[in-house]
Amino acid sequence: MKVVLYILLGLIAIVGGFFAWFFIFFLKVPELKITEDMSESKKIAVIDNWFTTMQEQKKFNGVVLFSKEGNALLSKGYGFTNHKKDTKLTEHSSLRLASVSKQFTAAGILLLKEKGAIDFDDLVTKYLQDFPYKTVTIRHLLNQTSGIPDSYMGLANTNKESIPLLTNEIAVDLIIKEKKAAKYPPNEKFQYSNTNYILLARLIEIISGMSFEDYMREEVFKPLGMKNTRVWNLKSKEPSFQNKADDFDNNPTTASSIQSSFIDGVAGDGAVFSSSHDMLIWDAFWYKNPLLSPSTLQEAFKKPRLNNGSLSDYGFGWIITDNGMWHNGAWLGARTIIIRNTERKTCTVLLDNSTNVYFDKIVEELKKFSKYSKT
């Protein structure tokens with residue numbers, strides 16, 4: 001009997017390995033045929049046609065933005081807002097950003113600093129008195145160097161029977177009550193954590209006296225004129241909102257809706273929706289804006305120095321590179337990325353709402369545009 005079991009387990013491993021290998025080597029997107037001698041307008045036209053082809057092949061369903069010096073070279077939707085495919089995406093359609101939301105949460109914290117309500121090096125215990133991680137600061141949360149276990153989803157599932165809808169307040173209360181041991185001392189190393197950013201959103205609520213959704217709407221999105229950007233989750237009063245795109249599975253033969261779970265009442269690590277049109281405004285925000293002084297804004301792009309003297313590359317909701325910054329995300333149907341080249345003053349945004357297994361291949365193929373473009 002044991003021999004049969006081992007054979008079955010071996011076959012499962014072989015089959016699983018085959019499919020993993022298949023996806024790595026055979027998951028392909030059409031070649032992006034861009035050459036160095038093409039004009040910039042021609043290159044953009046080629047990219048436009050390329051995305052149209054991929055949408056027809058069910059290899060992309062979303063919106064894109066390519067911009068240079070604050071001007072949109074391409075801002076457009078390809079595909080549909082939901083699994084019924086009855087409404088087409090446009091540059092004003094609002095798609096889930098997933099973890100690209102983290103830079104929005106960071107902006108909310110920057111605004112509190114600008115107003116003198118906080119300091120980046122304040123201990124979290126100043127605002128959460130029972131918080132078990134006594135030496136963790138707001139900066140540690142922003143830089144993903146807190147050492148706090150990324151446990152909020154696991155804690156929520158463990159306590160699911162008593163939680164009809166998880167919120168930031170409930171999630172933070174669970175963290176405080178659980179008192180899990182830190183994984184490492186603050187600033188010891190970088191470790192990506194959704195928990196850090198729901199803690200930041202909860203701090204915004206406590207310090208501002210507003211819900212995270214209301215705070216971001218009134219203090220950030222409205223002043224910037226981002227009309228199709230908002231925080232939305234199952235805690236929101238409205239079951240939907242104008243121009244909202246839904247998440248769905250876009251299979252070769254069928255399409256089906258993806259519904260949120262009880263966990264999707266939290267925000268900060270995700271829950272921001274935006275459009276390609278508004279993401280052009282968002283790119284401009286990180287150069288200069290009426291809400292933040294240049295000195296406060298630049299704090300977001302500083303690489304933190306760890307305890308051993310080395311530098312991490314995670315700023316405030318951004319992964320910092322030699323010529324700019326970027327971030328990606330994935331949750332429910334969303335597959336997202338924003339890439340900013342601050343030397344060339346360019347920005348690329350891809351937002352897909354269809355659980356796109358080709359997404360990383362698309363990003364990889366678009367490197368040809370970067371290679372041959374002066375923008």
Side-chain angles (χ1 to χ4, degrees), residues 29 32 34 40-55 59-81 88-104 107 220-221 224-230 243-245 272-289 317-319 321 323-330 333-354 356 358-360 362-370 373-375:
V29 297
L32 181 57
I34 285 180
E40 295 302 313
S41 60
K42 176 61 175 176
K43 291 170 187 173
I44 291 296
V46 170
I47 289 174
D48 184 11
N49 290 332
W50 186 67
F51 274 106
T52 297
T53 297
M54 287 200 298
Q55 191 277 318
K59 294 179 178 179
F60 184 78
N61 189 97
V63 300
V64 305
L65 170 69
F66 292 86
S67 71
K68 166 73 172 177
E69 295 180 347
N71 298 308
L73 304 176
L74 182 64
S75 179
K76 187 175 177 180
Y78 301 85
F80 303 93
T81 63
K88 289 188 175 182
L89 291 165
T90 73
E91 67 169 339
H92 299 293
S93 299
S94 185
L95 281 71
R96 186 187 304 276
L97 298 186
S99 284
V100 172
S101 302
K102 289 181 172 66
Q103 60 201 239
F104 290 84
V220 180
F221 303 144
L224 295 177
M226 298 177 74
K227 296 181 180 179
N228 288 300
T229 304
R230 62 170 293 171
N243 293 334
K244 177 181 177 291
V272 176
F273 285 68
S274 192
S275 65
S276 63
H277 179 274
D278 280 6
M279 291 302 283
L280 184 66
I281 300 172
W282 189 238
D283 173 52
F285 170 89
W286 292 101
Y287 288 108
K288 184 179 180 181
N289 65 76
W318 288 102
I319 299 165
T321 66
N323 58 10
M325 62 285 304
W326 69 282
H327 209 291
N328 60 354
R335 303 294 182 268
T336 64
I337 194 167
I338 177 172
I339 305 167
R340 301 178 69 240
N341 186 317
T342 53
E343 289 182 358
R344 295 178 175 178
K345 300 294 190 295
T346 63
C347 181
T348 300
V349 177
L350 305 181
L351 309 177
D352 192 302
N353 61 323
S354 67
N356 190 348
Y358 296 92
F359 193 81
D360 291 342
I362 291 169
V363 175
E364 186 70 22
E365 190 69 14
L366 282 171
K367 287 182 180 179
K368 290 183 179 179
F369 178 61
S370 300
S373 178
K374 295 178 182 178
T375 61

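Note that this is a predicted model, so its numbers are computed, not measured.
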**Q.** Check: I337 and I339 side chains under 4.5 Å, non-hydrogen atoms
**A.**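 Side chain of I339 against side chain of I337, heavy atoms only: contact under 4.5 Å found.
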
(Q) Using side-chain heavy atoms (C-beta onward) and a distance below 4.5 Å, is N353 in contact with N61? (A) yes

Which atom pair, heavy atoms only, marks the closest approach of [X] to [Y]?
{"X": "I362", "Y": "F60", "value": "CD1-CD1, 3.8 Å"}
{"X": "S75", "Y": "A72", "value": "CB-CB, 4.2 Å"}
{"X": "M54", "Y": "V29", "value": "SD-CB, 3.9 Å"}
{"X": "N328", "Y": "W326", "value": "CG-CZ3, 3.7 Å"}
{"X": "L73", "Y": "K68", "value": "CD1-CB, 4.0 Å"}

Spatial distance of atom [atom1] ([X]) from atom [atom2] ([Y]) [nearest 0.5 Å]:
{"X": "R335", "Y": "F359", "atom1": "CZ", "atom2": "CZ", "value": "9.0 Å"}
{"X": "H277", "Y": "M226", "atom1": "NE2", "atom2": "CE", "value": "10.0 Å"}
{"X": "K43", "Y": "L74", "atom1": "NZ", "atom2": "CG", "value": "15.0 Å"}
{"X": "D278", "Y": "R230", "atom1": "CG", "atom2": "CZ", "value": "13.0 Å"}
{"X": "R96", "Y": "L351", "atom1": "CZ", "atom2": "CG", "value": "12.0 Å"}
{"X": "H327", "Y": "T336", "atom1": "NE2", "atom2": "OG1", "value": "9.0 Å"}

Q) Do N356 and S354 have a side chain donor and acceptor closer than 3.5 Å? A)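 N356 vs S354: no donor-acceptor pair found between side chains.
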
Can you tell me if [X] uses its side chain to pair, donor with acceptor, with the backbone of [Y] under 3.5 Å?
{"X": "K76", "Y": "S276", "answer": "no"}
{"X": "T321", "Y": "G324", "answer": "yes"}
{"X": "E365", "Y": "L32", "answer": "yes"}

Q.
For I47 and I34: C-alpha separation, side-chain torsions, deciding distance, then whether side chain to side chain contact (heavy atoms under 4.5 Å, CB included) applies.
A. CA-CA 8 Å; I47 289 174; I34 285 180; 3.8 Å; yes

Q. Can you tell which of N228, L89, V272 makes a side-chain contact (heavy atoms from CB on, under 4.5 Å) with L95?
A.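 Passing option: L89.
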
Q: Show your reasoning for whether side chain to side chain contact (heavy atoms under 4.5 Å, CB included) applies to T53 and Y78.
A: CA-CA 10 Å; T53 297; Y78 301 85; over 6 Å; no

Q: Pick out which of F66, F51, W50 makes a ring-ring contact (aromatic ring centres under 6.0 Å, His included) with F369.
A: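 By the ring-ring contact (aromatic ring centres under 6.0 Å, His included) criterion, F369 pairs with just one of F66, F51, W50: F66.
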
In residues 279-287, what donor-acceptor pairs under 3.5 Å come from side-chain atoms, sequence neighbours left out?
residue : atom : partner : partner atom : Å
W282    : NE1  : Q103    : OE1          : 2.8
D283    : OD1  : R340    : NE           : 2.6
D283    : OD1  : R340    : NH2          : 3.3

(Q) Using a 6.0 Å cut-off, check whether atom CG of N243 has over 12 heavy atoms from anything other than its own residue. (A) yes

Q.
Could you go through T90 and S93, starting from their C-alpha distance and side-chain angles, then the distance that decides it, and tell me whether this counts as side chain to side chain contact (heavy atoms under 4.5 Å, CB included)?
A. CA-CA 5 Å; T90 73; S93 299; 3.7 Å; yes

